[in-house]
Asker: 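Quick one: this structure, given as structure tokens, is what I'll be asking you about.
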There are 2 protein chains.
Amino acid sequence: MRPRVTLEQWRMLQAVVDHDGYAGAAEALSKSVSTVSYGIRRLEAGLGVALLEMQGRRAVLTTAGRELLRRSRYLLDEALAIERAAGMLAKGWEPVVRLAVEVIFPQERLLASLDAFASVTGTTRVELIESVLSGTNEQLVAGKADLAITAMVPQGFLGEPLTTVEFIAVAHPEHPLHALSRPLTQRDLRQHRQLVVRDSGLREPRDAGWLGAEQRWTVSHLATSVEAVARGMGFAWLPRHRIAGLLADGQLQPLPLAEGALRHVELYLVFADREDAGPAARALADCLRRSCPAD
Amino acid sequence: MRPRVTLEQWRMLQAVVDHDGYAGAAEALSKSVSTVSYGIRRLEAGLGVALLEMQGRRAVLTTAGRELLRRSRYLLDEALAIERAAGMLAKGWEPVVRLAVEVIFPQERLLASLDAFASVTGTTRVELIESVLSGTNEQLVAGKADLAITAMVPQGFLGEPLTTVEFIAVAHPEHPLHALSRPLTQRDLRQHRQLVVRDSGLREPRDAGWLGAEQRWTVSHLATSVEAVARGMGFAWLPRHRIAGLLADGQLQPLPLAEGALRHVELYLVFADREDAGPAARALADCLRRSCPAD
DNA sequence: GAGTTCTTTTCGAGTAATTAGAAATGAGGC
DNA sequence: GCCTCATTTCTAATTACTCGAAAAGAACTC
């Protein structure tokens with residue numbers, strides 16, 4: 001189907017309404033009054049419906065006019081937005097940046113960064129790949145991500161430290177481990193179910209738990225792990241930032257380990273190709289860095 | 001800001017991609033090949049970015065091209081949708097139909113009707129005014145509604161019966177009235193709290209309860225009333241269709257009234273102005289009638 | 001590797017649409 | 001009733017678009 005009216009004609013209608021009258025519209029559009037008049041006439045002819053009506057010496061919208069004007073404003077906005085996006089692309093901005101994020105990276109910071117990024121570039125989209133351990137790196141190595149936040153910088157890549165995530169060994173307050181009421185040893189832990197998050201890598205997956213618990217349950221998402229531990233299904237090392245709330249209201253309680261109750265994981269920001277990275281990828285990297293103030 | 005490219009140029013880009021090549025596009029658009037070539041050239045010049053690139057004798061989208069094509073399709077769809085809407089308006093279809101509905105009208109039927117209406121006319125919007133008793137009529141009389149579903153047809157209007165809503169006197173199973181375990185009299189009821197819905201009319205409001213209970217609570221929404229009764233806060237006559245679920249799982253229990261446990265309210269469909277009603281209002285009326293099969 | 005075929009691009013001329021100014025029309029204000 | 005302000009109509013000119021023919025590129029054939 002072929003559009004019967006042009007963007008320019010819609011624009012004239014808008015101008016007439018906004019600068020009440022053909023004279024004002026002509027002024028605003030840098031066109032002659034007769035041009036505007038002709039344009040509106042074409043528009044109405046194309047649509048087969050009257051949009052403006054002279055009431056005395058004032059041009060007023062008809063009911064149909066009001067309705068169609070409303071939609072046409074949106075249309076024109078969209079047309080201009082596309083052209084702005086084209087301008088970005090012309091300047092070398094990628095249309096999309098693919099970011100692989102280790103799930104233990106604090107969501108709050110991630111969202112804040114994406115928000116900041118969105119305000120820098122209204123047009124570049126972000127494709128977020130949430131992954132675990134080697135899965136994050138595989139995305140990077142396979143060229144499926146332009147940027148990654150990972151705990152292990154893969155061979156041949158250059159990572160810059162971004163932030164440190166603190167893991168605490170926790171369990172539900174009613175959990176048998178807490179009933180022991182004494183510093184816990186590795187032997188104690190082995191007796192109980194540990195929840196670990198499945199490595200999302202396909203090539204050489206390894207689980208995110210490091211000691212061999214007798215019964216070890218593997219789940220796919222960090223959220224599932226948190227949920228399960230909160231329900232008393234086992235213990236786990238979980239990122240402090242993810243369980244701050246649950247610790248505060250007592251749904252989770254730190255395990256009194258003799259040693260190793262706390263673990264620290266350093267997260268790195270890695271470019272797939274630092275030289276070839278487009279401005280959008282660089283801008284996103286900046287936003288991420290800013291969300292992690294010197295720590 | 002003035003758009004630098006036209007809808008027609010976007011359409012040419014789409015045609016080239018869809019009918020792979022300039023030749024196919026020209027065929028599809030009923031234009032010459034050189035016209036299409038010229039159009040794409042203008043488009044790229046206007047945007048300042050290359051969209052198509054010749055790979056051998058095949059035209060392929062650049063990254064920017066793919067992205068902008070995607071958005072331009074949406075743009076063109078919107079442009080055509082507005083013109084379709086204009087076509088509707090040209091045929092006299094109102095841009096919006098305002099429907100005042102008595103809250104006791106079954107929501108399921110209402111939504112089914114609106115759904116059916118939406119498929120008849122993609123463009124006419126519905127403005128729904130949910131009101132109670134005289135409130136519904138006031139909307140109609142004041143010209144704030146084109147169509148109304150009301151229990152009381154106001155003077156000077158013509159109503160057609162639409163459906164009957166059955167009200168049952170109910171209370172929570174634990175309610176003292178149920179503890180009496182005998183047919184209840186009006187006197188029994190007066191001892192207890194009745195929940196009634198506030199008339200939404202401004203002029204001559206009267207409440208939707210008919211007998212004077214000692215303590216009568218008035219709420220604004222039917223939903224609040226249902227909720228309150230289900231929590232044992234009192235008794236009320238409620239539309240059977242609204243509480244079918246609560247009756248079934250025993251959260252509400254019909255009161256064993258000596259008389260008047262059931263009440264029937266007839267709902268009427270009323271036009272604000274049957275002669276002047278536009279096709280959209282008539283179509284919506286049809287949808288409503290069809291949702292209430294002979295009853 | 002020269003010719004053939006298929007396709008896009010360039011060119012030049014013709015055509016349709018848009019534009020602006022002048023004149024005409026219409027609607028208040030005095 | 002006449003003056004003023006605003007829109008519409010008319011006409012001429014400019015601009016943008018369109019087309020066919022010819023040129024240029026790229027793959028395919030022999």
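Residue numbering restarts at 1 for every chain, and letters A, B, ... go by the order of the sequence lines.
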Asker: Can you name the residues that form a salt bridge (charged side-chain N to carboxylate O under 4.0 Å, His left out) with B:Arg282, not counting sequence neighbours?
Answerer: none
Asker: According to side chain to side chain donor-acceptor pair (under 3.5 Å), who are the partners of A:Ser291, at least two apart in sequence or on a separate chain?
Answerer: A:Ser113
Asker: Short question: side chain of B:Ser72, backbone of B:Leu69 - any donor-acceptor pair under 3.5 Å?
Answerer: yes
Asker: Which residues satisfy the salt bridge (charged side-chain N to carboxylate O under 4.0 Å, His left out) test with B:Arg84, sequence neighbours excluded?
Answerer: none
Asker: What string of B, S and - do you get for nucleotides 18-30 of chain C, 5' to 3', when a contact is any protein heavy atom under 4.0 Å?
Answerer: BBBB-----BB--
Asker: Could you list the residues that satisfy salt bridge (charged side-chain N to carboxylate O under 4.0 Å, His left out) with A:Arg41, not counting sequence neighbours?
Answerer: none
Asker: Tell me the interatomic distance from B:Arg41, atom CZ, to D:dT18, atom P, rounded to whole angstroms.
Answerer: 13 Å
Asker: Taking atom C1' of D:dA27 as reference, at what distance in whole Å does atom CE of B:Met54 sit?
Answerer: 12 Å
Asker: With B:Asp286, which residues qualify under salt bridge (charged side-chain N to carboxylate O under 4.0 Å, His left out), at least two apart?
Answerer: B:Arg289
Asker: Please set out all donor-acceptor pairs under 3.5 angstrom arising from side-chain atoms of residues 88-95 of chain A, sequence neighbours excluded.
Answerer:
{"residue": "A:Glu94", "atom": "OE1", "partner": "A:Ala280", "partner atom": "N", "Å": "2.9"}
{"residue": "A:Glu94", "atom": "OE2", "partner": "A:Ala281", "partner atom": "N", "Å": "3.0"}

Asker: Is B:Ser37 close enough to C:dT8 that one of its side-chain N or O atoms is under 4.0 Å from OP1 or OP2 there?
Answerer: no
Asker: Which pairs with one or both residues in residues 45-64 of chain A pass salt bridge (Lys or Arg N to Asp or Glu O under 4.0 Å), sequence neighbours excluded?
Answerer: none
Asker: Rounded to the Å, how far apart are B:Leu29 CG and D:dC19 P?
Answerer: 10 Å
Asker: Does any residue of residues 14-28 of chain A have a heavy atom under 4.0 Å from DNA chain C, and if so, which ones, in number order?
Answerer: none
